[in-house]
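Report on the following structure.
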Amino acid sequence: MSEPKKLFIKTYGCQMNVYDSERMAEALGGQGYVETQSADDADMILLNTCHIREKAAEKVYSELGRFKGLKAEKPDLKIGVAGCVAQAEGEEIMRRQPLVDLVVGPQSYHRLPEMEAKTRQGAKALDTDFPEEDKFEQLKRRPKAKRGPTAFLTVQEGCDKFCAFCVVPYTRGAEVSRPVDRILSEARDLVERGVREITLLGQNVNAYHGAGPTGDMTLAQLIWQLDKIDGLERIRFTTSHPNDMGDDLIEAHGTCDKLMPYLHLPVQSGSDKILKRMNRSHTAESYLRLIERIRAARPDILMSGDFIVGFPEESEADFQATLDLVEEVRYGYAYSFKYSTRPGTPAAERPQVDPTEADDRLQRLQALITRDQRSVQDSMVGREVKVLFEKPGRLPGQMGGKSDYLHAVHVDDADVEVGDLRRVRIVDSAANSLRGVLA
Ligand code: 5AD
Ligand code: SF4
């Protein structure tokens, strides 16, 4: 048998890219590739890129430039660009960087094996189509390889919301939901391979409406189907839009034991003026009332969110409204970004906020968020939580995992193994993690 070829994938951006990278590795596994952790000994390098904020494309070009020496040493090395920069820049990448052999957009990953074969014949391969066929069905899976206790599973892709700042509707295309039976069979397969927690992924995951046996199912209905799978212990989903938080999904947070008490629900701003200009189709007040209803269903739910500061025409008063909203919600986790102009999006045409002012706002918002994150995390001390153990901790004898609320937890010298789901009493809270003892 010939030596397996080596594949190095570098993943940027969101969890969906992490999932996509796994599937690409599986697809190329059929071509005789095994993954390697180093670019130096690779026969193929794939950059799975993100286009959500500025400079992403520039980063890709500079990363590609660094492979020049490698390619000179190893003329057979193939270099590919995947993901949202590939989708957005396509031919431009081939033109600007002759090192690149292959450019593949997120909707065409199932065509990678043929594309790879084409590059082996010395040709270039480019595919940024939005094809009709179901790429998930066509992506080949490696036979029953054992895997860690947590996994991502894409159930929905694309977005029809067109927030005024966002490139996703252009790079990932229109909203598409995968059929229920295919998701269930993928989930069962993951569980057979050792997975106990599945995070359902979608750019607009709570808008899920995939075909079921008797018509379309909502995300909540899909979750109840997954709930029946023995051996699957935990279900999460991300990312959601406030306007798609259906009554059945809110209710499931109170009644489905496998559905974890954690919800990532981005609001982006606390100012109605800015929300309108962002084309968000909700107000700060409607968002706060929604959280009230979610907390009525599941009082201990940990809320998470995303914020953009310095959106065009954001005044100090608008920014203050964002701080007020954060104060009111008290997020357990929140991610904040400085507005980044994306050519082709409507907000790019509006008057921009002074960058120094935006930096200052970002710092103020992050200080407030850090304070809340820490106080929510500290409030776990003395409580008993369930932890799914994922990997040995940093120190010898330690084991680390995640609580139901997604806090990192480690225990010392305990008799636990990767994949164990155990009750843990939290005894201490440090900067980024909790320490506990088995209960
Ligand atoms: N500038 C800054 N942040 C952005 N996001 C999306 N587009 C932009 C942009 N142009 C943020 C939003 C979104 C998260 C994934 O990235 O907060 O929820
Ligand atoms: Fe982008 Fe999310 Fe808005 Fe869709 S809902 S346009 S993915 S920010």
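Numbering of residues begins at 1 and proceeds along the displayed sequence. Counting convention: from 1, in listed order, for ligands and their atoms alike.
Each of Q363, Q366, Q268, R364 was checked for a side-chain hydrogen bond (donor to acceptor under 3.5 Å, both in side chains) with S336, and the lone residue meeting it is Q366. Partner of S240 under the side-chain contact (heavy atoms from CB on, under 4.5 Å) criterion, chosen from N204, L219, L263: L263. Y405 pairs with exactly one of Q377, K386, R383 by the side-chain hydrogen bond (donor to acceptor under 3.5 Å, both in side chains) rule, that one being R383.
Note: F337 and F165 fail the aromatic proximity criterion, with ring centroids not under 6.0 Å apart. The ring of F311 has its center closer than 6.0 angstrom to the ring center of Y339.
Ranking protein heavy atoms by distance to atom 14 (C) of ligand 1, first place goes to D306 OD2, 3.5 Å. The single protein non-hydrogen atom nearest to atom 2 (C) of ligand 1 is K338 O, 3.4 Å, given as residue, atom name and distance. For atom 6 (C) of ligand 1, the closest heavy atom belonging to the protein is I52 CG1, 3.4 Å.
With respect to the salt-bridge test (charged N to carboxylate O, under 4.0 angstrom), the residues E233 and K258 do not qualify. Residues E292 and R295 are not paired through a salt bridge, judged by the lack of any N-O separation under 4.0 Å between the basic side chain and the carboxylate.
The heavy atom nearest to atom 9 (C) of ligand 1, out of those in A347, G13, S340, is found in S340.
Here's the thing with R53: one of its N/O atoms is less than 3.5 angstrom from an N/O atom of ligand 1.
Residue-level proximity to ligand 1 for F165 is carried by backbone and side chain together, each with a heavy atom below 4.0 angstrom. By the criterion of a heavy-atom distance under 4.0 Å, the side chain of Q268, and not its backbone, is placed next to ligand 1.
For ligand 2, residues of the protein lying within 4.0 angstrom by heavy-atom distance are C159, K161, F162, C163, F165, C166, V168, P169, N204, H241, R280.
The minimum heavy-atom distance linking R374 with S429 is given by the pair NH2-O, 3.0 Å.
Shown here is E328, whose CD atom has no more than 12 heavy atoms of other residues, nucleotides or ligands within 6.0 Å.
Note that OH of Y333 is 7.0 Å distant from CG of L302, once rounded to the nearest 0.5 Å.
When each atom of ligand 1 is checked for a heavy atom of R342 under 4.0 Å away, the hits are 10 (N).
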